[in-house]
Amino acid sequence: STYIFKHALTREVVYDSILTKKKKQIHEKIATIIEDINKTDICYHYGVLTNHCLAAENYEKGAEYARLEAKRLLKAASFWDAIEYAKKRVDSYEKLPQTEANQKKVIDARTTLANYCMIMNLGSHARAAVEPILDLALGLNYRKRLPAIYAAIGGYYLMYEEDSHKGLELIDRATKMAEEVADYPSLVSALLVSGCFLAYTSEFKESLKRLQQSLDFSLITKNPRGIALSKGWISVCYQCEGKMNPAHEVAREALTLIHETDDTYIKSIVYPVYGGFFYHKGLFDEAKTYFLEWVSSYEKLSNIGWIGWAYAYLGSLYLDLREYDDAVECYKRIISIWKNGNLMPSIVKAFQSGMMRAKVLRHDQDVELSELFACYENYKLTMGKGWTARNIGDVLLHIDENHLADAGVWFQKAIEEDLRNGMRWYLAMDHAFYAGWFMKKGDIQGAKEQLTKAVDIFRECGADGWVEKYQKELALISST
């Protein structure tokens, strides 16, 4: 006969009444039965087996099932669940007697947990996973795991502390050791995180070099997700530089991986990249299509870095479409996610300036200028600094009639920043906004000069939609 409990509370009362020793025996027996009757499809039962083995205090076996379940979930792009089972594996091994062999198992488990956290851009969690084992790994001379440890800690200093000196020192140590011990996953991870960070500091040549190395090793090891991430970030670099043709070529290559693999995680990378490309190109309908498809189907799979990229440019798109409520909601969402994750405080300030611009344009009355100016203070990165200055200028241009002179100063700052940092597309946009300032002053000739500069730079970038938009504006003011 089969017996079931119709009420969870009844089940709890009965379970709690069983002696601990008996409970352990029951869980051990259940695990054995599950193994016996599911030999051909046991992979679908790794999670249940993990929990029964741990309840039976069979930590060695529980750790192995946790490893297998985490690996299965990772393949299925269920990253948050994979992280939870990776934690169970760590907890299991740490309950065993700490012999040298078991200490190495703890190191293995913690570095795997860190790798999973880095996939989701959870740098503080990755660092917390490996910092406790750094001295242990060094003491045991367990070299094959040191690259993963250095990559996780270095990635934290880059993406969370924005400390390029300390972060790159650790990352470079990780890449050197990873090549020596043939730890290709850690090598790709270290190259990716440093390549991404260097894009945020506008060191595009070095960024592209590292991202290309990441791509090369991903191709060698036949790692589709590494290939997609590398190509995605290479396209982002080109977009930031204002090189739309190579940006599109690389993004299109990444798009083919979707058809080859049908991997939903790859879609969660490629769709924001394609949306960003079309936005920079000035093709709003196409950009909106990719961004909204990502929001509806793939956002939940994305790490917080890609969520930031997608919502930042979707917010910008809504601003350009004068859909200010949607723009504010985009910025609110990403500010909340990145602040909670402590990711890149400088870029969060850029998002905040974008949200305040959207609020002013929809005529909100609660925008504090002191908070607006704070967005530009203690800004450690270069990407987004010109954008932030431009947003400040536009807020001052529209908030009232008393800040017109100050607005011009901020547009000039934006131009200086983006010119210095080689961000050509952003520079074109700075000139377009500066033209608006001249128009408000009644200086038609000044506006025409700025729009001409914007059109020329957009054309150089291959941003055809923006060229067409601002050519129309130029023709309109030339006819007045």
Side-chain angles (χ1 to χ4, degrees), residues 282 312 315-325 327-328 331 335 346 349-379 382-421 423-458 463 466-467 469-480:
S316 295
L317 176 60
Y318 281 135
L319 276 168
D320 291 311
L321 295 172
R322 301 186 179 183
E323 298 173 16
Y324 301 128
D325 290 342
V328 169
Y331 287 121
I335 289 166
S346 294
K349 292 178 181 180
F351 298 153
Q352 289 170 325
S353 72
M355 183 174 70
M356 283 186 262
R357 178 178 166 234
K359 285 185 171 185
V360 165
L361 291 174
R362 74 173 184 185
H363 307 298
D364 286 18
Q365 302 298 315
D366 62 345
V367 174
E368 293 289 337
L369 291 183
S370 59
E371 293 179 12
L372 179 69
F373 296 138
C375 294
Y376 199 76
E377 296 171 0
N378 302 315
Y379 205 105
T382 55
M383 183 186 287
K385 195 171 185 181
W387 178 34
T388 302
R390 187 199 322 138
N391 284 335
I392 294 172
D394 205 47
V395 168
L396 296 175
L397 187 65
H398 289 93
I399 198 166
D400 56 38
E401 299 297 325
N402 301 320
H403 295 86
L404 186 59
D406 291 337
V409 171
W410 282 100
F411 288 134
Q412 290 168 9
K413 283 185 180 182
I415 290 169
E416 290 167 5
E417 284 291 340
D418 290 327
L419 182 61
R420 180 187 308 118
N421 296 315
M423 302 184 72
R424 300 291 292 171
W425 184 92
Y426 294 82
L427 178 63
M429 195 61 74
D430 298 335
H431 284 294
F433 273 59
Y434 199 19
W437 181 80
F438 279 102
M439 283 296 292
K440 195 158 188 176
K441 279 183 62 182
D443 185 344
I444 302 298
Q445 184 58 36
K448 288 169 63 177
E449 289 174 3
Q450 293 300 318
L451 279 177
T452 300
K453 288 180 181 179
V455 167
D456 288 345
I457 299 171
F458 277 132
W466 293 104
V467 170
K469 171 182 167 61
Y470 286 115
Q471 277 182 330
K472 288 179 180 178
E473 287 195 21
L474 188 56
L476 186 63
I477 66 172
S478 297
S479 64
T480 60

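Just the heavy atoms: all of them, side chains too, but no hydrogens, waters or symmetry mates, feed the values below.
In this structure, NE2 on His398 lies 9.0 Å from NE2 on His363, to the nearest 0.5 angstrom. From Thr382, atom OG1 reaches atom CE of Met423 across 6.5 Å, with rounding to the nearest 0.5 Å. For the atom pair Glu449 CD and Leu474 CG, the distance stands at 11.0 Å (nearest 0.5 Å). Rounded to the nearest 0.5 Å, atoms CD (Gln471) and OG1 (Thr452) are 10.0 Å apart.
With sequence neighbours left out, the side-chain hydrogen bond (donor to acceptor under 3.5 Å, both in side chains) criterion links Asp418 to no other residue. Residues satisfying the side chain to side chain contact (heavy atoms under 4.5 Å, CB included) test with Ala358, not counting sequence neighbours, are Leu319, Ala327, Val328. Scored by the side-chain hydrogen bond (donor to acceptor under 3.5 Å, both in side chains) test, Asp400 finds His403 as partners (sequence neighbours excluded). Residues passing the salt bridge (Lys or Arg N to Asp or Glu O under 4.0 Å) test with Asp320: none are found, sequence neighbours excluded. Listed by chain and residue number, Lys288 satisfy the salt bridge (Lys or Arg N to Asp or Glu O under 4.0 Å) test with Glu323 (two or more places apart in sequence, or in another chain). By the side-chain hydrogen bond (donor to acceptor under 3.5 Å, both in side chains) test, Asp364 pairs with Arg362, sequence neighbours left out. Residues that satisfy the side chain to side chain contact (heavy atoms under 4.5 Å, CB included) test with Thr388, not counting sequence neighbours, are Ala350, Ser353, Cys375, Tyr376, Tyr379, Ile392. When the side chain to side chain contact (heavy atoms under 4.5 Å, CB included) test is applied to Leu419, the partners found at least two apart in sequence or on another chain are Arg424, Leu427. Residues satisfying the side-chain hydrogen bond (donor to acceptor under 3.5 Å, both in side chains) criterion with Asp366, sequence neighbours excluded, are absent altogether. With sequence neighbours left out, the side chain to side chain contact (heavy atoms under 4.5 Å, CB included) criterion links Val409 to Lys413.
Taking every heavy atom of both residues into account, Gly386 and Ala414 meet most closely at O-CB, 3.3 Å. Here the closest non-hydrogen pair linking Glu371 and Met356 is O-CE, 3.7 Å. Between Tyr331 and Gly315, the shortest heavy-atom distance links the atoms OH-C, 3.7 Å.
Taking the six-membered ring where tryptophan is involved, the planes of Trp410 and Phe373 are essentially parallel, since the angle between them stays under 30° and well short of 60°.
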Could you give the side-chain donor-acceptor pairs of residues 432-443 under 3.5 Å, partners two or more places apart or in another chain?
unit_1 : atom_1 : unit_2 : atom_2 : d
Tyr434 : OH     : Gln412 : NE2    : 2.7
Trp437 : NE1    : Leu404 : O      : 2.6
Lys440 : NZ     : Leu397 : O      : 2.4
Asp443 : OD1    : Gln445 : N      : 3.4
Asp443 : OD1    : Gly446 : N      : 2.8

* Asked: Could you walk me through whether Glu473 and Lys469 pass the salt bridge (Lys or Arg N to Asp or Glu O under 4.0 Å) check?
  -> CA-CA 7 Å; Glu473 287 195 21; Lys469 171 182 167 61; 3.5 Å; yes

* Asked: Can you check side chain to side chain contact (heavy atoms under 4.5 Å, CB included) on Lys349 and Asn378, steps first, answer last?
  -> CA-CA 10 Å; Lys349 292 178 181 180; Asn378 302 315; 3.8 Å; yes

* side chain to side chain contact (heavy atoms under 4.5 Å, CB included) evaluation trace for Lys448 with Ile444 -> CA-CA 6 Å; Lys448 288 169 63 177; Ile444 302 298; 3.9 Å; yes

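Residues Asn391 and Leu372 fail the side-chain proximity criterion, which asks for heavy atoms closer than 4.5 Å. Within the 4.5 Å cutoff, side-chain heavy atoms of Phe458 are placed close to those of Trp425. By the 4.5 Å heavy-atom criterion applied to side chains, Gln450 and Ile415 are counted as neighbours. Side-chain contact between Tyr470 and Met429 is present, with at least one heavy-atom pair separated by less than 4.5 Å.
Screening residues 385-397 for salt bridge (charged side-chain N to carboxylate O under 4.0 Å, His left out) gives Arg357-Asp394, Lys385-Glu417, Arg390-Asp430 as the qualifying pairs, with residues at least two apart or on separate chains.
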